[in-house]
> 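Mind looking over this structure? Questions follow.
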Amino acid sequence: MTTAGTAAHDSRLPVQNPATGEVFDHVPRCTADALAGIVARARDALRDWSRRTEADRRRQLLACGAALSRHVDELAGLLTREQGKPLAGARAEVALAVDWFRHTAALTLATEPLVDEPTAQIVMDRVPYGVVAAIAPSNYPIILAVTKIAPALLAGNTVVLKPSPMTPLSSLLLADILAGVLPPGVLTAVAGDAELGQALVGHPDVALVSFTGSVEVGRAIAGAAAGRFAHTVLELGGNDPCIILPDTDVTQIAEQVFWRAMRNSGQFCAAVKRVYVPQARRHELVEALSSLADKAVVGDGMDAGTQLGPLVSRQLADRVAGLVEDARIHGATVHRAATATRQGGHFHRPTIVSDLPAGTDLELTEQFGPVIPVISYTDLADAVARANATQYGLGASVWGDPGAARAVADELDCGTVWINDHGDLRHDVPFGGTRCSGLGVEYGYWGLLEYTRIKVTSVKG
Ligand code: NAD
C-alpha cells in the first residue's frame with residue numbers, strides 16, 4: 001500500500017478482521033514529523049486549488065467519482081475484512097460514495113449581491129477555510145470520508161483525512177485512488193490513533209476540523225479547536241428513540257423497526273436505539289422482534305447470505321454485552337437470538353431487551369450494537385419525556401397515523417425526526433444533531449456551506 005507521506009512513517013498499525021479477531025495486515029503509522037510535512041503540502045496546494053474555478057473543481061470531483069467506480073470490488077472487499085459488514089453492504093457503501101461525488105459536483109456557490117446602489121456595491125462570497133482535517137469513524141469509513149472530502153474540495157479547501165485506526169486500509173486505498181486524479185497535496189490520508197488525531201486537530205495550519213465519531217471524542221476535539229478558534233463541524237453519537245403510537249399495528253411495522261435498529265449490526269449513528277411502545281402492544285412487539293432476531297443470519301461478512309456481521313472490535317462487543325447484562329441485573333428480560341455465531345470473532349447475537357426499568361444505561365447511553373431495548377409506556381407524554389431525557393439529539397422516529405405522529409415529532413428535541421421510517425439519510429437533505437450529538441450539519445447545499453466562510457467585498461464610487 002502506497003500513500004503520500006508514508007516514506008517518513010515509522011512503526012506499523014495492525015489491522016484486525018473482526019470476523020476472526022486475527023490481524024491480517026498492517027499499515028504505516030504516520031509520525032508527527034510526517035504529519036507536519038503532509039499539512040505543509042496541503043497548505044501549499046491551497047494556493048492553486050482555491051484559485052481554480054468552481055467549474056474546474058467540479059470536473060475534478062466527477063473524475064474522482066469515475067476513478068472510484070473502477071475500484072468498487074477492491075474497496076468493498078477491504079471494507080468487509082477490516083470493518084466486518086456484509087459484502088453487499090460494503091459494495092453499496094462504495095457505490096454511494098461514487099454517487100456522492102456526482103451529487104456534490106452538482107452544487108454551486110454563487111456570489112450573492114447584497115447591496116446594489118449607484119455609489120455602493122456589496123457582494124458576499126463563500127470562500128474556503130484552508131486545510132481541513134477530516135476525522136472519520138469506524139462504522140462507514142468510505143462514505144463518511146467522502147461526505148467530507150467532496151464538499152470540502154468543491155469549496156476550494158484541501159484535506160488531510162484521518163480514518164479510524166480500526167479501518168484504515170480502505171481509506172488509504174481511497175486516498176490513493178483519488179490522488180491519481182487530484183493535484184499533489186490536495187488530499188492525503190494518514191493512519192494513526194487518537195494521538196495522531198490530536199496532533200492534527202492541534203496543528204496551527206488546520207483551519208477546520210470536520211469530525212464524525214463519538215460524543216466523548218467530539219468533546220475533546222471541540223475543546224482543542226476552541227483555543228485557536230478553528231471552525232469545527234461535529235457529527236456525533238446518537239441514541240435515537242422510536243416511538244410507536246397507540247393504535248398502531250405493531251406486527252405490520254416490526255420488521256421495518258427491526259432492520260432500522262440492526263443495520264450494520266447496530267453500528268449506525270442514526271439507528272433505532274430504543275423503542276417506546278404502548279404497554280398494551282408490548283408483548284406483540286417483543287414476540288415479533290424476537291422472532292426476527294432468531295431468523296437473522298449472523299456471520300462473516302464475506303459469506304454469502306450473512307445479514308449481520310461482527311462488531312468492529314472486541315472492546316465494542318464487550319461494551320454492548322456489558323450494557324445488556326447490566327439491564328438484566330436491573331430486572332430487564334433478555335431475549336438473545338438462537339442463531340449460532342462463530343468463535344473468535346467480535347460477534348454479538350441480535351438481542352431484544354424488554355421490561356427495562358427507567359434509567360438503565362442501556363436506555364440512556366448509545367449502545368452501538370445489535371440490541372433493541374423495548375420500553376413500554378402508558379402515557380404518551382411520558383414516552384416523549386423519556387425520549388428527550390438523554391444527552392443525545394441526533395434522530396428520532398414516530399410510527400403511526402402521520403397527522404398524530406407530526407404532533408409528537410414537534411415535541412422531540414433532535415436534528416431529524418422521521419415519521420414511519422428511521423435513519424433514511426439523503427445527499428440533498430441536511431443532517432446533524434442537537435445538544436451532545438453535534439454542531440453544524442453535513443450533506444447537500446447546507447453541508448457544503450460548512451466548508452466555507454463568508455467574505456464580503458464592499459465597493460464605493
Ligand atoms: P470514535 O470517536 O472512537 O473515533 C472516531 C475518530 O476519532 C477515529 O478516527 C479516532 O482515531 C479519532 N480520535 C480519537 N480520539 C481523538 C482525539 N482526542 N482527537 C482527535 N481524533 C481522535 O468513534 P468510532 O467508535 O470510530 O465511531 C462510532 C461513533 O461515531 C458512534 O458514537 C457513532 O454514533 C458516531 N457516528 C456519528 C455519525 C453522525 O453522522 N452523527 C456518523 C457515524 C458515526
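One-based numbering, in listed order, for ligands and for the atoms of each. Since we're looking at a predicted model, the values are computed, not measured.
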> Spell out, as yes or no, whether a donor-acceptor pair under 3.5 Å connects the side chain of Asn420 to the backbone of Gly400.
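Yes, Asn420 side chain to Gly400 backbone: donor-acceptor pair under 3.5 Å.
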> Please check: side-chain N/O of Trp49 versus main-chain N/O of Asn157, any donor-acceptor pairing under 3.5 Å?
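Such a contact is found between Trp49 side chain and Asn157 backbone.
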> Under 30°, 30 to 60°, or over 60°: which ring-plane class applies to Tyr443 and Trp100, parallel, tilted or perpendicular?
perpendicular
> Once you measure the plane-to-plane angle for His103 and His427, does it fall in the parallel (<30°), tilted (30-60°) or perpendicular (>60°) bin?
parallel
> Would you say CD of Gln315 has more than 12 non-hydrogen atoms from neighbouring residues, nucleotides or ligands within 6.0 angstrom?
no
> Can you list, pair by pair, the side-chain donor-acceptor contacts under 3.5 Å of residues 207-220, counting residues two or more places apart and other chains?
residue : atom : partner : partner atom : Å
Ser210  : OG   : Lys148  : NZ           : 3.1
Ser210  : OG   : Tyr451  : OH           : 2.8
Thr212  : OG1  : Lys148  : NZ           : 2.7
Ser214  : OG   : Val217  : N            : 3.4
Arg219  : NH2  : Gln391  : OE1          : 3.4

> Name each N or O atom in ligand 1 that is under 3.5 Å from a protein N or O, and give the partner atom and the distance.
residue  : atom   : partner : partner atom : Å
ligand 1 : 2 (O)  : Ser214  : N            : 2.8
ligand 1 : 2 (O)  : Ser214  : OG           : 2.6
ligand 1 : 9 (O)  : Ala136  : O            : 2.9
ligand 1 : 9 (O)  : Lys162  : NZ           : 3.1
ligand 1 : 9 (O)  : Pro163  : O            : 3.4
ligand 1 : 11 (O) : Lys162  : NZ           : 2.8
ligand 1 : 26 (O) : Ser138  : N            : 2.9
ligand 1 : 26 (O) : Ser138  : OG           : 3.1
ligand 1 : 30 (O) : Gly213  : O            : 3.4
ligand 1 : 32 (O) : Glu366  : OE1          : 2.6
ligand 1 : 34 (O) : Glu366  : OE2          : 2.5
ligand 1 : 41 (N) : Leu236  : N            : 3.3
ligand 1 : 41 (N) : Leu236  : O            : 2.7

